[in-house]
Amino acid sequence: MIVTLLDITIGGLLTGGIYALTAVGLNLQYGVARVLNIAHGEFIMLGAFATYSLYTLFGINPLVSLAIGGPIVFIMGFLIHNTLFQYLRSSSESMGAFEGRSLLASFGLLFIIQNVALLSWGPEIKGYTYLAEPVNILGTIFAANRLVALLFAVAIGLAFYLFLVRTRLGKAIRAAAQDPETAQLMGINIHRGFSRLTYQHDVRNHTTYGSPLYCNCPYCGGFRGIGQYPRQFHRGFDPGAYWQHSDLYRSRVIIGCLLHDLHPLTLGKANRYFREIEKCIVSELPLIKRLSS
Amino acid sequence: MLQVSNINSFYRKIQALWGVSLRIDEKELVALIGANGAGKTTLLKTISGLLHPASGSVQFLDMRIDQMPAHSIVELGVSHVSEGRRLFQDMTVRENLDMGAYTHKAWNKKEETLERVHQIFPILKVRSRQLARTLSGGEQQMLAMGRGLMSRPRLCMFDELSYGLAPILAKEVFKIVKTLREQDIAILLVEQNVRHALEIADRAYVLENGRIVLEGESRGLSENELIKQAYLGL
């Protein structure tokens, strides 16, 4: 019994880590860059596929490919933001219009990335074996790669936290997310470097985090991105608040755990779409609770 | 120091300012009074660069600033404390003050300025680690003012400082504004509390329907029949 509970708890934490990091990134993107990026999860998928190919074709260690992938995707984020989103911003008459357009554009981005991945890697779920050695934690067995993934999530999360709370730029990003107009009155230039920087950081973090995942298919990014939205809206998209009142961060981990724990119940019996619905329900329960209170 | 010449400004699609001109000299305390919707906030936003005038010019220290972005105007030494305080609610008092000193010039002297701001508003030192949203209304207003001073401005614009404050707190706030002038900061004070504003200001402008209808020494204005009737209820 205790072993099962541990299995569920630690397994849930591992999954929760991914969701937590995704949520923070999404928050940052909307909060500062005002880009409602539906294609958010697609970058996780890309990261995982890139790592997969580098490993199976060239034998490059997945941990090493993180170091290669990070800067590449940082540049990619820069290009996407500078071309697509910057153009939309300058051609939109108001911030509200820009948000709507960026949402539609990122929908397009989602389909493009998904289909490019589909053409390049095919529709099957891909996997590779790396660091699959069993690790015994208090009598429960976990694959080492999942623990590495969790470690990465914690390390990236912590680094980001320190960046947001301690540095001048980090604080300014939080300020701009909370009140863009007042941030300008403080001397913060929210129109240029800022939104781009957060977008790049976020995209890179996601790809970095996606990399150590060991199983992948072109559709796996979809829900991870989209499922976050309703809750983000509710909270008001401030990355700083996320950390300072870490209740949401915790609840994100808890939801991750729940998702993980419900999975065995539906896995095998139901198809992919049913599982998506299940995720939606679990993920939105806290939101419904909060709204009703 | 500041010269606003004949500006026409739009708020969304409605013209809010019609040929407005205004001047503030060094170390001067100027009040801008007028009813709700007269265009007072639009004028401040036009000076601080949040809005750009359709025509006319704004000059600060002999530099034309009307087409400059807001963040560059702060660097030049213009600070704008918005109506409704507009604090970063989920940041601490200290972090809010830090953000006030975001410009490079102010950041280098942050600790020194902070000490000065703490002297003016001792409560901000006590509340330093509290989130801005947990402060009382009066404390929030003091934080907004303190944050505005952190950029070491030459000109500070205050929008409706007394709004929503108990009379005794409003009096306190006006007293502080008066002391700021002694620190070589020019002040543009936007107020609905006309009596208080005229008491502490050197000169005042009256804005009605987007146009300056009266201007002059405060003392003279408080004797003006129109002011007495429309704003002082005498």
Side-chain angles (χ1 to χ4, degrees), chain A residues 24 27-28 30-32 86 89-90 92-98 161-197 232 234-249, chain B residues 12-13 41 44-45 47-51 68-92 94-108 110 129-134 143-144 147-153 156-159:
Chain A
V24 172
N27 206 332
L28 205 61
Y30 182 76
V32 180
Q86 203 77 313
R89 183 164 216 152
S90 56
S92 301
E93 61 275 14
S94 71
M95 219 48 184
F98 171 69
Y161 171 71
L162 291 174
F163 168 70
L164 286 172
V165 173
R166 295 277 165 84
T167 66
R168 172 171 172 264
L169 192 62
K171 284 180 201 170
I173 286 178
R174 286 165 53 207
Q178 284 180 37
D179 189 337
E181 188 177 280
T182 307
Q184 291 176 68
L185 293 178
M186 302 292 113
I188 298 168
N189 180 0
I190 61 162
H191 290 299
R192 269 219 328 265
F194 255 56
S195 47
R196 185 168 63 223
L197 189 73
Q232 305 291 333
H234 181 52
R235 184 65 196 175
F237 289 91
D238 166 35
Y242 233 102
W243 296 97
Q244 267 179 355
H245 317 277
S246 55
D247 62 316
L248 244 185
Y249 200 71
Chain B
R12 296 198 177 119
K13 282 181 181 163
T41 299
L44 289 204
K45 283 186 171 181
I47 296 171
S48 63
L50 290 173
L51 294 172
M68 274 188 177
H71 61 87
S72 308
I73 294 176
V74 186
E75 299 249 10
L76 295 177
V78 178
S79 174
H80 178 177
V81 178
S82 307
E83 188 179 3
R85 295 149 205 160
R86 301 288 287 268
L87 298 172
F88 302 118
Q89 298 281 357
D90 287 316
M91 294 171 86
T92 63
R94 175 64 204 266
E95 284 173 331
N96 267 278
L97 292 174
D98 280 353
M99 284 300 95
Y102 181 79
T103 60
H104 281 290
K105 224 164 41 187
W107 193 263
N108 294 334
K110 190 165 59 110
R129 296 171 71 88
Q130 259 177 257
L131 288 183
R133 65 164 73 251
T134 63
L143 177 54
R147 188 179 64 177
L149 293 174
M150 287 298 290
S151 63
R152 304 173 75 93
C156 211
M157 305 192 290
F158 293 116
D159 198 351

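Computation of the quantities below employed the complete heavy-atom set of this structure, encompassing side-chain atoms and omitting hydrogens, waters and symmetry-equivalent molecules. In what follows, chains are A, B, ... by sequence order, proteins preceding strands, each numbered from 1.
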For A:Ala172 versus B:Tyr102, what's the shortest heavy-atom pair and its separation?
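Closest heavy-atom pair between A:Ala172 and B:Tyr102: CB-CE1, 3.4 Å.
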Side-chain contact test, heavy atoms from C-beta onward, threshold under 4.5 Å: evaluate it for A:Arg168 versus B:His104 and give yes or no.
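In contact.
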I want to check something: taking the side chain as every heavy atom from C-beta on, are B:Ser48 and A:Leu185 in contact at a cut-off of under 4.5 Å?
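The answer is yes, as the side chains (C-beta and beyond) meet within the 4.5 Å cut-off.
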Could you look at B:Ser82 and say if it's the side chain, the backbone, both or neither that has a heavy atom under 4.5 Å from chain A?
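The side chain, not the backbone.
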Output the distance between atom [atom1] ([X]) and atom [atom2] ([Y]), rounded to the nearest 0.5 Å.
X: B:Leu50; Y: A:Thr182; atom1: CG; atom2: OG1; answer: 8.0 Å
X: A:Met186; Y: B:Arg147; atom1: CE; atom2: CZ; answer: 4.0 Å
X: B:Met99; Y: A:Asp179; atom1: CE; atom2: CG; answer: 13.0 Å

Any donor-acceptor pair under 3.5 Å from A:Gln178 side chain to B:Gln89 backbone
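The answer is yes, because a donor-acceptor pair under 3.5 Å joins these two groups.
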Check: B:Glu95 side chain, A:Lys171 main-chain N or O, donor-acceptor pair, under 3.5 Å
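Checked: no pair found.
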